[in-house]
Amino acid sequence: MAATTADRGHVSAARAVGAEAAEITGVILCGGRGHRMGDVEKPLQLLHGRPLVQHVRDSLTPQVGRVIISANRERARYAEFGHDVVPDASEGLGPLGGLGSAAAHVRTPWIFCCPGDAPLLDRTLVPRLMASVSAAHDGAVPHDGERAQHLFLLVRTHRCQTIAAQLAAGHRSVHAWLTTLRVHEVPMPELSASFCNVNTLDELARLHSRSDHATAERDRTATHSGAIRRTPDRPADTWPPRRPR
């Protein structure tokens, strides 16, 4: 049977994991103030016993060669994950300021950045974006069918040198900065749910409920069909995380 375009895309993405991950540094953006959640550190809020940022880190790590966490508060707690933690050179400049500060510590030709409060990050996203770019592109972002997801950005590291000028001119929007670059929008409507980020305690509660329901339904269906045998639940992951060896 001939491979479909989607099949070929996934094969290319799978190859990119091994061939190109070492050329990409992942930057997890955790510098927000969490105003809508009562000024708590959003990425450290728990989902199923693990901080949101740990869910992000666990999905991102296999897709990149190195991880940097961009954070201004609770840096000692973020450092427990075993990755470099880089604060903003100047606070209050939003995700663009965090990316610009982190980029100064990157030695790979590519950066992928994403929010630290997006626990459903897809484990194929980075290689799929990488497989989509050509020499004509400065970067790529996924399009979820309704809008481009600018904070899930793959970009050539040297292009981040232009961030300082954007900020100096008073332009703090990631979207505005990307309009100055050649960024490829990659259609990924099937991944739309994975771009969800958590802004309020109500949203976190709904994500708990949705995840619990999806897990229960998957287990019920698989058990009914005889596809799996039920096994005792493993112990829940706990905070703090173990450092990578």
Side-chain angles (χ1 to χ4, degrees), residues 24-37 39-45 47 50-61 63-106 108 110-123 125-126 129 139-142 144 147-157 159-164 166-167 171-178 181 183 194-200 203-204 241:
I24 309 168
T25 296
V27 175
I28 305 177
L29 300 171
C30 299
R33 295 301 301 243
H35 292 307
R36 284 185 281 173
M37 201 177 275
D39 287 331
V40 301
E41 193 70 3
K42 283 197 302 178
L44 296 179
Q45 301 309 297
L47 175 66
R50 293 186 294 158
L52 296 172
V53 67
Q54 186 176 352
H55 290 274
V56 177
R57 189 281 304 264
D58 290 351
S59 294
L60 179 60
T61 299
Q63 304 182 62
V64 297
R66 178 191 176 204
V67 170
I68 290 174
I69 298 177
S70 166
N72 297 310
R73 305 187 298 178
E74 302 285 357
R75 279 182 271 168
R77 292 183 68 187
Y78 285 115
E80 293 181 14
F81 288 104
H83 304 292
D84 290 333
V85 179
V86 177
D88 294 356
S90 298
E91 289 193 45
L93 298 180
L96 189 61
L99 176 58
S101 297
H105 298 263
V106 172
T108 57
W110 291 92
I111 291 172
F112 173 79
C113 74
C114 63
D117 58 359
L120 304 182
L121 179 71
D122 188 82
R123 291 174 179 258
L125 177 59
V126 180
L129 290 174
V141 294
D144 66 10
R147 63 184 64 85
Q149 294 288 340
H150 299 118
L151 289 185
F152 295 82
L153 167 67
L154 177 72
V155 64
R156 295 183 190 274
T157 302
R159 299 299 287 154
C160 293
Q161 295 172 1
T162 64
I163 291 177
Q166 283 285 114
L167 295 173
H171 304 306
R172 301 180 182 181
S173 163
V174 173
H175 175 251
W177 173 58
L178 293 183
L181 308 180
V183 176
S194 71
F195 305 123
C196 166
N197 66 307
V198 180
N199 290 309
T200 67
E203 290 177 357
L204 181 58

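These values consider heavy atoms only, across backbone and side chains, with no hydrogens, waters or symmetry-generated copies.
- To the nearest 0.5 Å, atom CG of residue Leu151 and atom CG of residue Asn197 are 8.0 Å apart.
- Listed here is the closest heavy atom pair of Pro119 and Cys196: CD-O, 4.1 Å.
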Kindly indicate, with the supporting measurements, whether the criterion side chain to side chain contact (heavy atoms under 4.5 Å, CB included) is fulfilled by Arg75 and Ile69.
CA-CA 9 Å; Arg75 279 182 271 168; Ile69 298 177; over 6 Å; no
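- Judged by distance alone, the side chain of Arg57 and the main-chain N or O of Phe81 form a donor-acceptor pair under 3.5 Å.
- At a threshold of 4.5 Å between non-hydrogen side-chain atoms, the residues Val198 and Lys42 do not count as touching.
- In terms of the side chain to side chain donor-acceptor pair (under 3.5 Å) criterion, residue partners of Thr162 (sequence neighbours excluded) are, by chain and number, Trp177.
- Paired with Ile111 under the rule side-chain contact (heavy atoms from CB on, under 4.5 Å), one option of Val27, Leu153, Val64 passes, and it is Val27.
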Do any side-chain atoms of residues 93-103 form donor-acceptor pairs under 3.5 angstrom with protein atoms, and if so which ones, sequence neighbours left out?
from, atom 1, to, atom 2, distance (Å)
Ser101, OG, Ala89, N, 2.8
Ser101, OG, Gly97, O, 3.1

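- Contact check for Thr108 versus Ile24: no side-chain heavy atoms found under the 4.5 Å cut-off.
- The two residues Gln45 and Leu204 come nearest to each other via the heavy atoms CB-CD2, 4.0 Å.
- A salt bridge links Arg66 with Asp84; the closest basic N to acidic carboxylate O contact falls under 4.0 Å.
- A side-chain contact (heavy atoms from CB on, under 4.5 Å) with Phe112 is found for exactly one of Leu125, Val155, Ile28, namely Leu125.
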Worked verdict on Leu154 versus Val141 for side chain to side chain contact (heavy atoms under 4.5 Å, CB included)
CA-CA 6 Å; Leu154 177 72; Val141 294; over 6 Å; no
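- For the pair His105 (side chain) and Val86 (backbone), a donor-acceptor distance under 3.5 Å is absent.
- Distance alone, capped at 3.5 Å, places no donor-acceptor pair between the Gln54 side chain and the Arg50 backbone.
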Could you go through Thr25 and Trp110, starting from their C-alpha distance and side-chain angles, then the distance that decides it, and tell me whether this counts as side chain to side chain contact (heavy atoms under 4.5 Å, CB included)?
CA-CA 6 Å; Thr25 296; Trp110 291 92; over 6 Å; no
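- Using a 4.5 Å cut-off on side-chain heavy atoms (C-beta onward), Phe195 and Cys114 make no contact.
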Candidate pair Ile68 and His83, rule side chain to side chain contact (heavy atoms under 4.5 Å, CB included), full reasoning
CA-CA 6 Å; Ile68 290 174; His83 304 292; over 6 Å; no
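- Distance NE2/His175 to CZ/Arg147: 12.0 Å, rounded to 0.5 Å.
- When all heavy atoms of Pro142 and Leu129 are compared, the closest pair comes out as N-CD2, 3.8 Å.
- Asn72 places a side-chain N or O within donor-acceptor distance of the main-chain N or O of Asp88, the cut-off being under 3.5 Å.
- Rounding to the nearest 0.5 angstrom, the gap separating the CD atom in Glu41 from the CZ atom in Arg73 is 4.5 Å.
- Contact check for Pro43 versus Tyr78: side-chain heavy atoms found under the 4.5 Å cut-off.
- Contact detail for Arg123 and Ser59: the closest heavy-atom pair is NE-OG, 3.7 Å.
- Without hydrogens or angle criteria, Gln63 side chain to Val126 main chain gives a donor-acceptor distance under 3.5 Å.
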